[in-house]
Amino acid sequence: MKKEITNKDLLNFKKDFDASNLNKLASNSVMRNGVKNSAYNSYIKRELVNQFSIEVKNTGSITNQKQSGRCWIFAGLNVLRGIAMKNLHVKNIEFSESYLMFYDKLEKSNYQLEAVLDNLDETDNSRLMDHIVSLGGQQDGGYWHYFVALVKKYGICPIQAMPETISSSSSSEMDSIISTLITKDTAILRNRYHKELSKGSSKQDAKEKVSKLKENMLEEIYRVLAICLGKPCEEFTFEYQEDDPVKEDEQEKKVKSKKESKEKSQFRRLVTTPKEFYDKYISEELSNYVVLVNWPLANYPMNQTYTSKYVYNVVGDKQNIFVNVPIKEIKSALIKSLKDNKISWFACDVLASSLRQDGYLATEILDYDNLFSVKLNFDKGDRMMLRDSLCNHAMTFTGVNLDFRNKPNRWKVQNSWGELAGFKGYYVMSDNWFDEYVYEVVVEKQYLSEEVLKALKTTPIELDPWSPVC
């Protein structure tokens, strides 16, 4: 074929299209019903049954991030409340996502301003500056290590202590204001620095002068956040009914009436701070978690730890460590964790082969290949390297179904899109989808194989922030 498309090429394309009656049938269906409805595979639902041989016993109520990008916070808090419900002996608790959102945006803003100050001599259009100007508090998204850094520094509080607001649930208007402020501040810092240099100041003196401007800039960001989200909770009173702290296996053997259960409950009241609450009920267990990733790319060796530059939200955090392992190692650790009644945070490409309202994450649920007579699937590593697929959503694993060979064939997922999505907020994931589109899973060290534990001791390879896996 020549470089340009010719009339002869167009005639051949049309001829090939018209030669197949299936193309006409597919065209009529898609033009009438849309792509997804026409590609829907009804038969696969018979295999993706919403039943699981292993399930976490108590996962709490379904939450809803609404029109915000806080999935990583919601998923992280779902993990923490699993720990808190066990330690407090309660059936349900929801922690304030708005509380962590406030400090995440303030910390991200500070991190971006510090990155600007550290790179004042960087040219305006460099790749690094392009990355730095996209770091700020206007971004809702985040990672597991962002979440850990926030809760370690600021703790957590019940949602009653800092409820949702219009701006936390639908963040675009607030984000736009913060974005403009951060961009303006970046311009002020860089312009003032070069102005000081032009007056004969040394680079060190010029940087010290412009650094003094940061405090007022952050005060403005704080003001916007406090107006939109409310001032963050400093102390709270947590009142709750403590359920009978009997072991799960004993509860299953013991038949209780509603009256007996009620009599066993006891009213409790805690007066504490978010940090004190976290330190007492959460911190010890959270420190054991490890980020396992599956990056089957060339030049990214397996059983190796990695870190990345400028992928943080809190200045001074050094916890951005992850270990690249085969997908079977992730599944093995995850199954052990689920058997032990533990919820696990994970990140994936939720936009691929998924049906949001129906509640399915399955490579087989949308048959695009037969609809268009093409082959869309290709190597997972190539998809990542070429940015065709990437992490764009975080959720939690709460169950798995093991077949007669003791192999997983489907997974239970708790989402943060409310009870009207999926199976009252839960999703069914096929094992094939797990292989193709799950990239990160967080589990405790005790569930890792000796090989993975050995890999954790390797010296981390530092990646550029624009790496395809960051």
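Keep in mind it's a predicted model, so treat the numbers as computed, not measured. Along the sequence shown, the residues carry numbers beginning at 1.
For Leu270, the side chain to side chain contact (heavy atoms under 4.5 Å, CB included) partners are Leu88, Phe238, Tyr240, Phe277, Tyr281, not counting sequence neighbours. Partners of Arg387 according to the side chain to side chain donor-acceptor pair (under 3.5 Å) rule, which considers only residues two or more places apart in sequence or in another chain, do not exist here. A search for side chain to side chain donor-acceptor pair (under 3.5 Å) contacts involving Trp411 returns Asp431, not counting sequence neighbours. Here Phe322 pairs with Trp295 under the ring-ring contact (aromatic ring centres under 6.0 Å, His included) rule; sequence neighbours left out.
Remark: side-chain polar atoms of Thr183 are paired, donor with acceptor, to backbone N or O of Ser179 under 3.5 angstrom. At distances below 3.5 Å, at least one donor-acceptor pair connects side-chain atoms of Thr186 with backbone N or O atoms of Ile182. A donor-acceptor contact shorter than 3.5 Å is absent between the side chain of Arg192 and the backbone of Ala206.
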For the pair Lys380 and Glu436, evaluate salt bridge (Lys or Arg N to Asp or Glu O under 4.0 Å) and give the outcome as yes or no after the intermediate values. CA-CA 6 Å; Lys380 184 177 183 179; Glu436 297 293 334; over 6 Å; no

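Applying the side chain to side chain donor-acceptor pair (under 3.5 Å) test to every pair with at least one member in residues 220-233, sequence neighbours left out, gives these pairs: Glu219-Arg223.
Considering Lys203, Arg190, Lys209, Lys207 as possible partners of Glu196, the one that fulfils the salt bridge (Lys or Arg N to Asp or Glu O under 4.0 Å) test is Lys209.
The aromatic rings of Trp144 and Phe147 sit tilted relative to each other, their planes meeting at an angle between 30° and 60°. Note on ring orientation: taking the six-membered ring where Trp is involved, the planes of Phe397 and Phe434 are parallel (angle under 30°, cut-offs 30° and 60°).
Side chains of Glu329 and Ser449: a donor on one and an acceptor on the other come within 3.5 Å. Between Arg383 and Asn377, the side chains place a donor N or O and an acceptor N or O closer than 3.5 Å (distance only, hydrogens not considered). Counted by atom type alone, Ser389 and Tyr439 present one or more donor-acceptor pairs between their side chains at under 3.5 Å. Side-chain contact annotation: Tyr154 with Glu107, donor-acceptor N/O pair under 3.5 Å present. Inspection of the Ser68 and Asp140 side chains reveals no N or O donor paired with an N or O acceptor under 3.5 Å. Under the 3.5 Å distance criterion, with hydrogens and angles disregarded, no donor-acceptor pair is assigned to the side chains of Ser416 and Thr63. Under 3.5 Å, the side chains of Tyr310 and Asn119 contain a donor-acceptor pair of N or O atoms.
Remark: Lys153 is not positioned above the aromatic ring of Tyr103, lacking an NZ or CZ atom under 6.0 angstrom from the ring centre and at most 45 degrees off the axis.
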Please list, one pair per line, the donor and acceptor atoms closer than 3.5 Å that link side chains of residues 156-166 to other protein atoms, with sequence neighbours excluded.
| from | atom 1 | to | atom 2 | distance (Å) |
| --- | --- | --- | --- | --- |
| Glu164 | OE1 | Arg70 | NH1 | 3.3 |
| Glu164 | OE1 | Arg70 | NH2 | 2.8 |
| Glu164 | OE1 | Ser168 | OG | 3.1 |
| Glu164 | OE1 | Ser169 | OG | 3.0 |
| Glu164 | OE2 | Arg70 | NH1 | 3.1 |
| Thr165 | OG1 | Ser167 | N | 3.3 |
| Thr165 | OG1 | Ser168 | N | 3.2 |
| Thr165 | OG1 | Cys228 | O | 3.0 |

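Within the 4.5 Å cutoff, the side chain of Tyr426 has heavy atoms near those of the Thr398 side chain.
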